[in-house]
Amino acid sequence: MTENLVSSRWIRRYHPSEGGRVRLVCLPHAGGSASFYFPMSQALAPASDVLSVQYPGRQDRRDEPGITDMATYADALTRELLPWIDRPLAFFGHSMGAVLAFEVTRRLEREHGVTPLRIFASGRRAPSSHRHETVHLRDDDGVVAEMRELSGTDSRILGDEEILRMVLPAIRSDYTAIENYRATPGDRVSTPITVLTGDADPRTTREEAQAWAQHTTGEFEIHCFAGGHFFLANHQEAIMKLVSEGLTSDARTH
């Protein structure tokens, strides 16, 4: 990879855009990797400079231990993003990535006086909408069963035991972090929040998605798509359009 693509252990720039008015930081789901957002980076360049986040414990970072606490995740990523705040930031996070986007935004606002343009929170209930979940305590077969149910992992990987052994520790670490995460309705940002949700997502009801509204003092909107937890796969064109138009409007008024 070139220096442009790998600027730190955490950040991937697949389509660097020096002229992009907005930097969109894309945060993967539990067990996910930066490459999940390659299509979004391709679609939004060069209008936006897309930064795809690579969590530790997977792909080229597989020799690093995974992170098992959301506060540690958010603190580390906030530090990594400080060199990139010379342009307005926005966030797109799916599932665990949506919560991480919220927590990083809280830190940027509170500790660094930086208010991102918008959080696109996809496929995740509001931070204060808690469910008792224990996937991280299951054996390996139980974790794989969860992955299959959510249909977010390539079936070829699930069928390859060697690859599966490599990625399971990262998946378990991420699930430990997100399932032990707690927030209250009083945890708010001033950054606007746009929620994207699937109408058949077994992990997020419409009411739980709507509850994101209580976590911002800024603008709030919600968009519902047909599909389950990974509804994005069947609505890429519509979602890219929604994000692109939203970022263009936000940049214009910034």
Side-chain angles (χ1 to χ4, degrees), residues 11 13 15 17 19-29 34 36-37 39-53 73-74 77-78 80-82 84-129 183 187-198 204 208-225 231-232 235-254:
I11 307 297
R13 292 174 83 201
H15 306 89
S17 175
R21 295 181 63 186
V22 178
R23 285 204 163 103
L24 179 66
V25 182
C26 293
L27 305 171
H29 50 281
F36 180 76
Y37 288 109
M40 182 170 287
S41 174
Q42 189 173 43
L44 297 182
S48 298
D49 189 29
V50 177
L51 309 181
S52 299
V53 173
Y73 247 132
L77 183 54
T78 300
E80 292 292 330
L81 290 175
L82 291 180
W84 301 95
I85 61 175
D86 57 314
R87 289 186 233 171
L89 289 183
F91 288 91
F92 187 104
H94 185 72
S95 197
M96 184 186 83
V99 170
L100 185 53
F102 175 74
E103 287 297 331
V104 170
T105 296
R106 289 182 66 205
R107 286 157 173 76
L108 288 174
E109 290 187 358
R110 183 179 66 230
E111 300 167 12
H112 302 283
V114 174
T115 301
L117 295 180
R118 184 169 300 274
I119 299 171
F120 294 94
S122 169
R124 180 70 191 182
R125 57 189 177 270
S128 59
S129 297
D187 293 338
R188 291 187 178 90
V189 295
S190 58
T191 298
I193 296 178
T194 295
V195 169
L196 293 74
T197 189
T204 304
E208 288 172 326
Q210 181 68 39
W212 276 95
Q214 63 189 289
H215 291 283
T216 179
T217 59
E219 174 193 339
F220 173 81
E221 59 185 38
I222 185 168
H223 300 267
C224 190
F225 296 85
F231 62 89
L232 291 79
H235 301 281
Q236 289 193 29
E237 185 175 345
I239 290 171
M240 301 300 182
K241 184 173 185 290
L242 187 156
V243 172
S244 177
E245 291 178 351
L247 293 178
T248 299
S249 175
D250 290 339
R252 190 181 300 123
T253 58
H254 180 71

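Note that the numbering runs from 1 along the sequence shown for the chain.
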Charged N-O contact under 4.0 Å between Arg21 and Asp49: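 Asp49 and Arg21: not salt-bridged.
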Does Lys241 come within less than 4.0 Å of Glu245, counting only side-chain N to carboxylate O? yes
Do [X] and [Y] have side chains that approach each other closer than 4.5 Å (heavy atoms only, starting at C-beta)?
X      : Y     : result
Asp86  : Arg23 : yes
Leu81  : Ile11 : yes
Val104 : Val25 : no
Leu27  : Phe92 : no

Heavy-atom pair of closest approach, residues [X] and [Y]:
X      : Y      : result
Ala34  : Pro28  : N-CG, 4.2 Å
Ser17  : Ser48  : CB-O, 3.8 Å
Pro192 : Pro116 : CD-O, 4.3 Å
Leu117 : Ala251 : CD1-N, 4.2 Å
Ala211 : Ala126 : C-CB, 3.4 Å
Ala209 : Phe220 : O-CZ, 4.2 Å

Could you label the plane-to-plane angle of the His235 and Phe225 rings as parallel, tilted or perpendicular, counting under 30° as parallel and over 60° as perpendicular? tilted
Can His29 and Ser95 be counted as having a side-chain donor-acceptor contact under 3.5 angstrom? no
With distance as the sole criterion, is a donor-acceptor pair present between the side chains of His215 and Ser128 under 3.5 Å? yes
Arg125: partners by salt bridge (Lys or Arg N to Asp or Glu O under 4.0 Å), with sequence neighbours left out: Glu133
Does the side-chain contact (heavy atoms from CB on, under 4.5 Å) test come out yes or no for Leu108 and Leu82, once each step is laid out? CA-CA 9 Å; Leu108 288 174; Leu82 291 180; 4.2 Å; yes
Rounded to the nearest 0.5 Å, what separates atom [atom1] in [X] from atom [atom2] in [Y]?
X      : Y      : atom1 : atom2 : value
Leu247 : Arg252 : CG    : CZ    : 11.5 Å
Cys26  : Phe120 : SG    : CZ    : 10.0 Å
Thr204 : Phe231 : OG1   : CZ    : 9.0 Å
Trp84  : Leu51  : CH2   : CG    : 5.5 Å
Leu196 : His223 : CG    : NE2   : 6.5 Å
Ser129 : Gln210 : OG    : CD    : 10.5 Å

Could you go through the side-chain contact (heavy atoms from CB on, under 4.5 Å) check for Met240 and Met40 one step at a time? CA-CA 7 Å; Met240 301 300 182; Met40 182 170 287; 3.8 Å; yes
Return yes if some donor-acceptor pair links the side-chain N/O of [X] with the main-chain N/O of [Y] below 3.5 Å, else return no.
X      : Y      : result
Thr216 : Trp212 : no
Thr78  : Ala74  : yes
Glu109 : Ser190 : yes
Tyr73  : Leu100 : no
Arg106 : Arg188 : no

Full working for side-chain contact (heavy atoms from CB on, under 4.5 Å) between Leu89 and Leu24: CA-CA 6 Å; Leu89 289 183; Leu24 179 66; over 6 Å; no
Which is it for Ile193 and Arg118 under the side-chain contact (heavy atoms from CB on, under 4.5 Å) test, yes or no, and what are the steps along the way? CA-CA 6 Å; Ile193 296 178; Arg118 184 169 300 274; over 6 Å; no
With sequence neighbours excluded, residues passing side chain to side chain contact (heavy atoms under 4.5 Å, CB included) with Ser41: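 Expected list: Tyr14, His15, Val50.
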